[in-house]
Amino acid sequence: MPAAHNRRAVAVILLVPLVVTLSLWAFSWPAARIAPRDVPVGIAGAAPAADQLQHRLEQRRGAFEVHRYDDAAAARDAIEDRVVYGAFVITGKGTQLLTASAAGPVVSQLLTEAAKGAAPAGAAVPVTDVVAAPAADPRGAALGASILPLALAGVAAGAMVTLLKLRGARAALALGGASILVGVAATAVTHSWLGVITGDWWTEAGAIGLTVLAIASAVGGLAALLGTKGIGVGALLMVLLGNSFSGVTSAPELLPEPVGVIGQWLPPGAGGSLLRSVAFFDGAAPGPAVLTLTAWAALGLGAVLAGGRRKPHTAETPDHHRREPAHTS
């Protein structure tokens with residue numbers, strides 16, 4: 001047995017630095033490389049002034065994806081529908097900026113700086129916050145911080161179902177029930193107590209519950225297919241990558257490529273986008289996030305149900321199958 005203990009000691013010595021290095025990469029690298037990458041913005045106004053402003057924005061190669069609108073009302077509608085993060089409106093008095101801090105305070109600040117840089121020297125740029133972040137969370141810090149607890153709740157639910165040896169339909173029901181209760185409890189805290197989300201209460205609870213269900217089902221499904229090591233794989237995928245690549249604290253378009261896209265394919269990122277939509281934008285543009293979360297939940301629950309049909313492995317042979325030792329006279 002000493003050789004086995006030595007191997008375990010070596011595994012600890014090597015694995016701990018590896019996990020720390022991977023964690024630092026996953027969390028620190030995207031945060032250190034935040035910059036605009038095809039951020040959707042609008043320009044409203046008549047040519048040639050609008051053309052000149054578009055040319056200035058496009059000089060920052062790959063920073064902005066420009067959408068043109070006829071007037072300020074159309075640009076405002078596009079912001080409220082989550083088509084663009086903000087819009088530059090050119091009038092006879094100059095340029096004004098429409099933003100939506102609820103879509104991401106970091107993006108609003110970036111657009112404000114871009115508007116000042118594009119304006120003539122000394123000219124003031126009026127800023128109108130079309131969809132403002134709630135007064136209780138003006139910087140979006142609480143919303144950004146809420147995704148990690150939801151990811152941990154999902155991983156915990158998937159792990160507990162596995163370790164408590166729940167299988168098949170019973171495991172699926174346990175995952176669904178836990179997710180519903182997490183949705184209700186989390187909404188009670190963030191909406192009713194803290195006031196950091198301000199949409200329809202039950203819609204927010206449904207969005208949170210679906211996010212947790214997608215994560216929990218993925219972890220439970222991986223464990224049903226891979227055994228207890230599936231819990232570790234699920235935690236790595238959902239917490240280490242899913243949370244750090246979610247873009248909830250900034251915006252997916254500010255993360256390095258392809259991190260922003262990958263993050264939206266994982267439940268924490270999709271859940272953050274869905275929660276922002278239902279909390280501040282009356283549920284605008286929920287389709288991609290709902291589709292992603294539903295797909296993860298369906299695949300995970302399918303794996304859980306399929307795993308319930310397989311014969312469980314037993315650690316030792318049952319007593320009635322054991323051979324009696326031979327008696328010697």
Side-chain angles (χ1 to χ4, degrees), residues 25-42 57 60-67 78-87 99-114 130-131 133 137 139-151 154 196-197 199 207-208 210-211 214-215 218 237-281 283-296:
W25 166 78
F27 283 91
S28 302
W29 172 57
R33 296 291 184 269
I34 285 181
R37 296 172 176 87
D38 292 324
V39 175
V41 297
L57 293 178
R60 300 177 62 174
R61 292 183 178 275
F64 298 105
E65 177 187 286
V66 178
H67 298 243
I79 293 171
E80 292 174 346
D81 292 339
R82 299 204 72 190
V83 177
V84 294
Y85 280 95
T99 65
S101 58
V106 177
V107 181
S108 294
Q109 183 180 359
L110 183 150
L111 293 179
T112 302
E113 294 171 356
V130 175
V131 185
D137 187 27
R139 295 180 178 84
L143 180 66
S146 66
I147 297 303
L148 178 58
L150 297 184
V196 297
I197 56 177
I208 294 172
L210 180 58
T211 301
I215 297 169
L237 191 61
M238 298 299 164
V239 177
L240 192 60
L241 299 183
N243 181 69
S244 57
F245 290 3
S246 68
V248 178
T249 57
S250 54
E253 293 85 357
L254 299 185
L255 299 179
E257 296 178 348
V259 166
V261 175
I262 294 172
Q264 295 306 297
W265 290 345
L266 296 172
S273 294
L274 179 60
L275 182 58
R276 197 183 291 279
S277 288
V278 301
F280 308 126
F281 293 87
V290 171
L291 182 61
T292 298
L293 294 171
T294 303
W296 278 98

Which heavy-atom pair separates [X] from [Y] by the least distance, and what is that distance?
X      : Y      : answer
Ser246 : Pro252 : O-CG, 4.3 Å
Gly260 : Leu255 : N-CB, 4.0 Å
Ala285 : Ser277 : O-OG, 4.2 Å
Ala87  : Ile79  : N-CD1, 3.9 Å
Ile147 : Gly272 : CD1-CA, 3.7 Å
Leu241 : Leu237 : CB-O, 3.5 Å

### Query
Got Trp296 and Ile215 here, is their nearest side-chain heavy-atom distance under 4.5 Å?
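Contact flag for Trp296/Ile215 side chains = no.
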### Task
Flag the pair Val130 / Glu80 as yes when at least one side-chain heavy-atom distance between them is below 4.5 Å, and no otherwise.
yes
Rounded to the nearest 0.5 Å, how far does [atom2] of [Y] lie from [atom1] of [X]?
X      : Y      : atom1 : atom2 : result
Ile197 : Ile208 : CD1   : CD1   : 4.5 Å
Ser108 : Glu113 : OG    : CD    : 11.0 Å
Asp81  : Phe281 : CG    : CZ    : 10.0 Å
Leu275 : Leu210 : CG    : CG    : 11.5 Å
Thr211 : Leu293 : OG1   : CG    : 4.5 Å
Glu253 : Leu110 : CD    : CG    : 11.5 Å

Is the side chain of [X] donor-acceptor paired with the backbone N or O of [Y] at a distance under 3.5 Å, no angle test?
X      : Y      : value
Glu65  : Val41  : no
Ser273 : Ala270 : no
Thr99  : Gly86  : no
Arg37  : Leu254 : yes
Arg276 : Leu143 : no
Arg139 : Pro105 : no

### Task
Can you run down the ring-ring contact (aromatic ring centres under 6.0 Å, His included) pairs that involve residues 247-275, sequence neighbours left out, and say none if there aren't any?
none
